[in-house]
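The structure appears right after this line, and notes come after that.
Every value quoted in this text rests on a predicted model; they were computed, and no experiment measured them. Remember, it's 1-based here, ligands and their atoms both numbered in the order they're listed.
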Amino acid sequence: MTELEPHYAALPLEERVPIARQPVHAILDNIRSAFNVGSIFRTSDAGAVAHLHLCGMCAHPPHVKLEKTALGAFEYVPWTYHERTKDAVAAVRVQGVPVIAIEVTEDAIPLPDFAWPQPVAIMFGNEVTGIHPRNLARCDAIVRIPMHGYKNSINVATAYGIVLYHILQDWQGRTE
Ligand SMILES: C[S@@+](CC[C@H](N)C(=O)[O-])C[C@H]1O[C@@H](n2cnc3c(N)ncnc32)[C@H](O)[C@@H]1O
């Protein structure tokens with residue numbers, strides 16, 4: 001915990017200084033574990049993500065397990081629940097935001113090789129089945145995190161942190 005955290009968290013929502021949000025939108029396609037969604041909320045707060053779209057079976061506040069992992073981060077991160085992932089895609093597209101799937105497929109572009117548009121929406125999938133093929137087809141590109149071990153995928157909340165911070169670093173590098 002940082003020295004700033006207790007002070008900031010103690011302030012009522014309306015008294016908190018608005019922060020400059022990064023033009024990153026995240027779409028979670030049917031993530032099963034409330035703990036993963038909670039962890040993604042915390043990482044989204046850390047990266048000052050513009051908006052989190054929770055779709056289908058994703059837990060959404062109020063939810064006990066989510067609260068345990070998110071530690072209140074859903075109060076700081078703008079979020080919307082959609083029954084259908086396609087509605088989240090439509091909501092970002094209407095703002096002119098391209099949607100990039102983060103998924104392990106044969107034709108996916110390795111993360112370091114992708115030129116990240118700004119703004120961007122990143123889509124993540126279910127822990128077992130990944131992003132549904134119908135939703136994958138709605139995306140403008142597919143990007144994968146290179147895997148150097150024996151397994152071909154990692155925990156979705158871990159994948160989220162890697163990709164989010166890669167994007168922020170990529171954009172920072174381009175403006176320096
Ligand atoms: C555990 S994975 C889903 C299982 C995966 N389809 C498989 O066959 O192993 C859950 C989600 O995490 C993300 N993910 C995990 N590892 C990834 C990787 N190496 N590259 C891109 N996305 C990844 C994707 O969004 C994926 O839908």
Side-chain angles (χ1 to χ4, degrees), residues 22-60 63 65-66 68-70 73-74 77-93 97-171 173:
Q22 298 289 339
V24 180
H25 303 248
I27 300 176
L28 308 186
D29 179 34
N30 285 292
I31 294 194
R32 184 178 53 176
S33 157
F35 295 117
N36 280 337
V37 176
S39 171
I40 288 171
F41 257 109
R42 286 205 80 188
T43 306
S44 301
D45 175 55
V49 158
H51 207 101
L52 197 49
H53 295 270
L54 312 170
C55 309
M57 71 164 68
C58 286
H60 47 94
H63 190 291
K65 283 186 193 165
L66 187 56
K68 272 191 186 155
T69 338
F74 46 77
V77 181
W79 63 273
T80 305
Y81 173 73
H82 306 265
E83 270 180 28
R84 300 173 310 178
T85 304
K86 73 173 185 178
D87 295 334
V89 172
V92 297
R93 280 213 189 285
V97 180
V99 184
I100 311 301
I102 311 300
E103 192 51 276
V104 189
T105 64
E106 269 187 24
D107 55 345
I109 303 164
L111 181 64
D113 299 347
F114 190 67
W116 288 93
Q118 192 180 54
V120 72
I122 45 180
M123 185 188 289
F124 292 80
N126 177 274
E127 292 88 335
V128 179
T129 53
I131 297 174
H132 192 285
R134 265 201 309 269
N135 294 324
L136 209 51
R138 294 189 166 99
C139 295
D140 299 290
I142 307 175
V143 170
R144 67 174 167 85
I145 300 164
M147 302 290 296
H148 303 296
Y150 290 104
K151 304 285 282 182
N152 80 334
S153 71
I154 50 175
N155 170 269
V156 62
T158 305
Y160 182 75
I162 291 172
V163 172
L164 175 61
Y165 271 80
H166 177 89
I167 293 171
L168 300 183
Q169 217 160 23
D170 184 67
W171 286 345

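The pair R134-D29 does not count as a salt bridge, with every side-chain nitrogen at least 4.0 angstrom from each carboxylate oxygen.
Between F124 and N36, every side-chain heavy-atom pair lies at or beyond the 4.5 Å cut-off. The shortest distance between side-chain heavy atoms of V92 and H53 falls below 4.5 Å.
Checking side-chain atoms of S39 against main-chain N and O of F35 turns up no donor-acceptor pair under 3.5 Å.
In this structure, the ring of Y81 has its center no less than 6.0 angstrom from the ring center of W79.
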May I have the list of side-chain donor-acceptor pairs in residues 98-107 shorter than 3.5 Å, sequence neighbours left out?
from: E103; atom 1: OE2; to: I131; atom 2: N; distance (Å): 2.7
from: T105; atom 1: OG1; to: D107; atom 2: OD1; distance (Å): 2.8
from: T105; atom 1: OG1; to: A108; atom 2: N; distance (Å): 3.3

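Residue-level contacts of ligand 1 at the 4.0 Å heavy-atom threshold are I102, E103, V104, F124, G125, N126, E127, V128, G130, I131, V143, R144, I145, M147, N152, S153, I154, V156, A159.
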